[in-house]
Each structure stands twice: as structure tokens, then as C-alpha cells.
J.: 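Mind looking over this structure? Questions follow.
Each chain gets a letter, A, B and so on, in the order the sequences are listed, and its residues count up from 1.
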Amino acid sequence: MIVAEHAVKLELADVSKTYERKGQAVEVLDRVNFSIYEGEFVAIVGASGCGKTTLLRIVDGLESASMGAVRIGGKLVSGPGRDRGFVFQQDNLFPWRTVMRNVTFGLELQGVKVKDAREAAQPYIDLVQLSGFENHYPHELSGGMRQRANLARAFAIKPELLLMDEPFAALDAQTRELMQDELLKIWERSSKSTIVFITHQIDEAVFLADRVVVLTSRPGRIREVVPIEFGRPRDLSLKRTPEFVAVIDHIWGLIEKEVKSAMISREE
Amino acid sequence: MLGLAAWEFAAHHTSQLVMAPLETIWSSFFTQLHSGALGLDVATTFEGFVIGVAIASVGGILIGLLMATNDLAFDLLDPWISALRSTPLITIAPLFIVALGIGLTAKVAVVTLVAIFPVIINTADGIRTADRGLIEAAYAFGARRRDVFIRVLIPSALPFIISGLRLAITFGLIGEVVAEFFGSRAGIGYMVFQAAQTFDTGTVFLGVFILAAVGVIITKLMYRAERRIAPWRSFDVNATRRT
Ligand SMILES: Nc1ncnc2c1ncn2[C@@H]1O[C@H](COP(=O)(O)OP(=O)(O)OP(=O)(O)O)[C@@H](O)[C@H]1O
Ligand SMILES: [Mg+2]
């Protein structure tokens, strides 16, 4: 199925975004051109404030581009759709719903019957190791557990395109590593959706992705696209290999200047 | 227990016109009970209070939802609500009795008037302060406006609505009693007012005790209902208690 593997899933054509703030135009994204293939895992890294979240929100249709076009499976995006899942920077679980009912949320919207939705959700709850916690409320879970429930909620709708905005940023280093490992396993065992994953951590991007997109600081432009050649399945020991470290160094070199200039502009 | 002892001490050392010892209150209780007056008074108060609070609850929730979701309704109603929310509306109770005559209608009108504002305000605030992130999450999962309303806005507002109802019950009870002072021939308010005119301090305090007990019981029940209806809030309650 080489043809299917190379079918373009997501196409960004000259996507620009400008915000108006107090009468001043703030340029956030500048002509981003990029295509992501079906079943591909792409990570986006870039300095804080360079427009990563904005880019992802535009892809999801939560916001519209000022210029340019976003196409998913060849169709122009005009608003959020049920073919896409979004994992937010904060877990955004519904506090009044149990883990189970949070995970079935997307399915309920699709009109799936409660019983069927539960049956469909259970494997994902098991996959993120929350079996036994189905009837717990979010506030009864640890941060890591909440983020896992958040993943299960996104995976349960079997999205063709999964958009993830720094989903592990709030976790401690250890939990984060476990979650990275977990994410790859879930992704490989589920039907391998196309994933766009935003992160600050370069090592997270390199460990997870097939390609890493490096953005410049604001306005965000594509600085370089780095292919990651490590085979799959990957496990965490990969991070300790010299090849891995070499890739990290390369990417770090690319964004070092950007991060520094972003920090300087923030101090102004 | 300590409270009761203090009460007794105070009652025996001040004028009988100001305080009544527990025995006096107790004996008024039996007199009133046997004459059948107490039963009638309680039933009368209950009737006006329940009908008024029910109207205020349903009406308040509907108006609150309308204001929070419809800009035109908000612009029309908000000036009135803002002006009236801080007015002690109870002061115009006598006007209602003049306008509507002595009886159930006037009392229900007074109860509804004083009880409806906290429900409107809390419902509208509950909807308006719903977490943006949760609304966005719902949209991201393909929700339409209606889904967001039912599955995000209403559940977000629920704890606020329940506090609004709790206030409505408290205000409604006050409204009922005050309305009975001026415009009723029965009810606990009427009983207290009549007793006060004849310096029957025991009966006055009997009324006060009944009202206090009803207040405590209803509040307890409301907290229990809140824990059942909004179990995720129990953690918020604990969090505020700890601080
Ligand atoms: N609604 C908005 N109105 C005006 N400016 C905005 C708005 N949303 C974002 N911005 C600006 O756009 C820029 C990019 O924001 P964005 O959230 O996309 O950054 P980011 O790359 O995700 O940053 P981080 O890594 O810190 O999450 C920021 O400078 C921000 O101030
Ligand atoms: Mg961001």
C-alpha cells in the first residue's frame, strides 16, 4: 500500500495569520507551506509564542487563517469536524463527567448509543491503563491519569487526524517519558491516525515523530523539516543512543538562535 | 446545649417582653397545636412559600438562560436586574397587598419577587462563566451550538443554579413571613405578628424557632441535593473549607 502511505492527509498552503490587537496587526504565522501524509507522525517545535497553538487551532478549524488554505483529505477546512481529535495543552476534561463518560463524549455527539459507546471506549481506557477508574471524576485522578484520560477521549473517536498541543507539558519528567512510550504504543496498536504533535521538548519530538518541523520565532515560518529515520517500534532506550543525541543537537542548533531572540523580545 | 442554657439564663434575667423562657415557648406550642391554629398557620405559610419559590425557580432559570444566551434579552433585562437586585424589595410588599388584596395571590407575588433575582443572576452567571476551554473542547469534538448548551453550559451552571435556589428559598421564606405580617389571616408570620401585638412573647419565639428550624432543614437538604446532583463539586467544597 505504498500509494496510500504517500497520500497527502493534511495540506497547508501559504497559511498566514495576523491578529488585531489595539489597532495593531500582530503577525503570528507567515506563509506556512507543508504537507503531511496519511499515517504520518509529525512533530512541530519552535520557540514559545511562535504560533504553534495558533497553527494547530487553524488546522482544527477552531480559528480561521487570515490567508492561505488548509485542506484535509483534499477538502477545505471551514470548521471543527468529527474526523479530527484535539488533545489540549490543559486536559480540559469535563469535571461533571466520569472518566468513562469523558471518553465516550465524542461518540455521544456522533449519536452512538450509550451502551455501544461504552463498549467502544473500554479498549482505549484499558490501553491508557485507567481500567478500574471508569467511574472516577477528573478531580479524583492525578495529573498523569487525567492526561491519559484525555488521550483516550481523543483516540476513542478514531480520528483520521489527531492534533496534540503539548499534551505532556504539565507532567513531571518521569511521567512524561512513560506517556511518550505509551502514546507510541497506543498509536501503533490503534489504526495509526495521522498525528500532528506540538512540543517544546526537542527529545520528545525526535522520539515520537517521523518528521520534525522546526518553526522560526514569531512570525512562525518553517525553518527546516528534519526527517527522523529511526525504525519502529521505538523504545525509550533509543534516547540514550549517540545517533539520537546527534539529531537533537542538530535541531537544537536550528532553534537556539530563535529561542534566544524570542527571550530577548519578551524581556523588552 | 450550651446555647439552650444561655437562653434560659438570659430569659430569666431580662424582661418577659423581650425574652421568653423555654417553658413558655413550649407551652405556647401545645396551646397552639391543640387549638388547631398551629397546623393551619404552618400549612398556610407552606402553601404561599412553596408556590412562590416554585414560580421563582422555574421563571428565574428560564430568564437567566435567556439572558445568558441572547444578547437582545440581556440588553433589555440587565438594567432592570441590576437596579432591582440591590433594592430591598421586601419594602414594597405592602404595595402588593394593597394591589392584590389579602390572600394567597399577593403573598405568592411577594415571594416570587424576592426569590427570583438570585436565581436569574446565578443562572446567567453560571452560563457566562463556563470554562472557555471546555466549550472549545466540545466544539473540537464536533459539538454544535445546541450540544454545547446542553452538555457544557448547563452542567457548568448547575452548581450556580443550586446556590441560586438556596438563596431563593431563604429569601422566599422571609418574603412569605413579611407578607403575612400585613396581608394574611393565617400563617406563621401572622401568628408572630398577632402575638407581638398582645405581648405573647412565647408565641413569638415559637414562630421564630419554627422558621429557624425550617431554614436549617431546607439548607441541609439543599446541600445534600447538591452533592447528589453535582458530585464533582464536593471537591470544591472541601477545597474552600480547607482554606
Ligand atoms: N486571540 C489572540 N489575539 C491576539 N493575539 C494572539 C491571540 N492568540 C494568540 N495570540 C498571539 O499569537 C502569538 C502565538 O501564540 P500561540 O499560542 O500560537 O503560541 P505558541 O507557539 O503556542 O506558544 P507556547 O509555546 O508558549 O504555547 C503569541 O504572541 C500570542 O500573543
Ligand atoms: Mg501553545
Side-chain angles (χ1 to χ4, degrees), chain A residues 53 56-63 77-99 101-112 117 135-141 146 149-150 152-165 167, chain B residues 61 64-65 68 122-123 125-166 222-243:
Chain A
T53 298
L56 208 62
R57 289 167 55 85
I58 291 173
V59 171
D60 199 46
L62 288 169
E63 231 163 293
V77 170
S78 57
R82 293 173 179 184
D83 55 334
R84 276 154 282 163
F86 202 112
V87 180
F88 293 86
Q89 210 160 342
Q90 321 80 9
D91 60 54
N92 277 343
L93 292 171
F94 301 108
W96 51 84
R97 285 175 168 248
T98 59
V99 168
R101 301 221 42 234
N102 264 291
V103 177
T104 58
F105 181 77
L107 297 168
E108 274 175 41
L109 289 179
Q110 295 173 8
V112 178
N135 295 321
H136 283 58
Y137 286 93
H139 75 262
E140 299 170 316
L141 306 178
R146 276 205 292 277
N150 197 17
R153 179 173 67 171
F155 272 103
I157 61 168
K158 299 204 175 72
E160 291 167 25
L161 182 59
L162 186 52
L163 309 169
M164 307 177 86
D165 188 3
Chain B
I61 290 173
L65 292 179
N122 276 31
T123 305
D125 282 354
I127 299 275
R128 273 202 303 263
T129 57
D131 187 336
R132 305 255 98 223
L134 296 180
I135 296 172
E136 204 142 74
Y139 279 124
F141 277 92
R144 297 174 215 291
R145 270 180 67 95
R146 233 195 70 199
D147 301 313
V148 170
F149 187 72
I150 295 170
R151 291 167 202 273
V152 182
L153 297 184
I154 298 274
S156 303
L158 207 54
F160 288 78
I161 294 176
I162 294 172
S163 336
L165 296 181
R166 212 159 45 214
M222 287 298 289
Y223 275 120
R224 193 172 292 184
E226 185 172 356
R227 232 171 296 146
R228 296 251 340 216
I229 298 169
W232 70 93
R233 291 280 300 184
S234 57
F235 120 91
D236 290 349
V237 171
N238 290 335
T240 46
R241 270 191 200 146
R242 242 179 275 127
T243 53

J.: What are the two closest non-hydrogen atoms of P95(A) and L134(B), and how far apart are they?
T.: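 In this case the closest contact between P95(A) and L134(B) is CD-CD1, 3.6 Å.
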
J.: With a 4.5 angstrom heavy-atom cut-off, is it the side chain or the backbone of L93(A) that approaches chain B, or both, or neither?
T.: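 It is the backbone, since no side chain atom gets that close.
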
J.: To the nearest 0.5 Å, tell me how far T98(A) OG1 sits from W232(B) CH2.
T.: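 With rounding to 0.5 Å, OG1 (T98(A)) is 12.0 Å from CH2 (W232(B)).
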
J.: Under a 4.5 Å cutoff for heavy-atom pairs, which residue among F88(A), F105(A), W96(A) has the most contacts with chain B?
T.: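 Ranked by heavy-atom pairs under 4.5 Å with chain B, first place is W96(A).
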
J.: Under 4.5 Å, heavy atom to heavy atom, which residues of residues 143-150 of chain B contact chain A?
T.: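 Contacts with chain A: A143(B), R144(B), D147(B).
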
J.: Looking only at heavy atoms, which two atoms of A137(B) and R153(A) are closest? And how far apart?
T.: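 Looking at all heavy atoms of both residues, the shortest contact is CB-NH2, 4.2 Å.
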
J.: Could you tell me which portion of D60(A) (side chain, backbone, both or neither) has an atom closer than 4.5 angstrom to a non-hydrogen atom of chain B?
T.: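 Contact with chain B: side chain only.
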
J.: Can you list every pair that meets side chain to side chain donor-acceptor pair (under 3.5 Å) and has a residue in residues 125-137 of chain B, with sequence neighbours left out?
T.: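 Listed by first then second residue: R57(A)-E136(B), D125(B)-R128(B).
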
J.: Side chains of R151(B) and F94(A): closer than 4.5 Å at any heavy-atom pair?
T.: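 No, too far: nothing below the 4.5 Å cut-off.
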
J.: Grab the two heavy atoms, one from P80(A) and one from A140(B), that are nearest each other, plus how far apart they are.
T.: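 Nearest heavy atoms, P80(A) then A140(B): CB-CA, 4.3 Å.
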
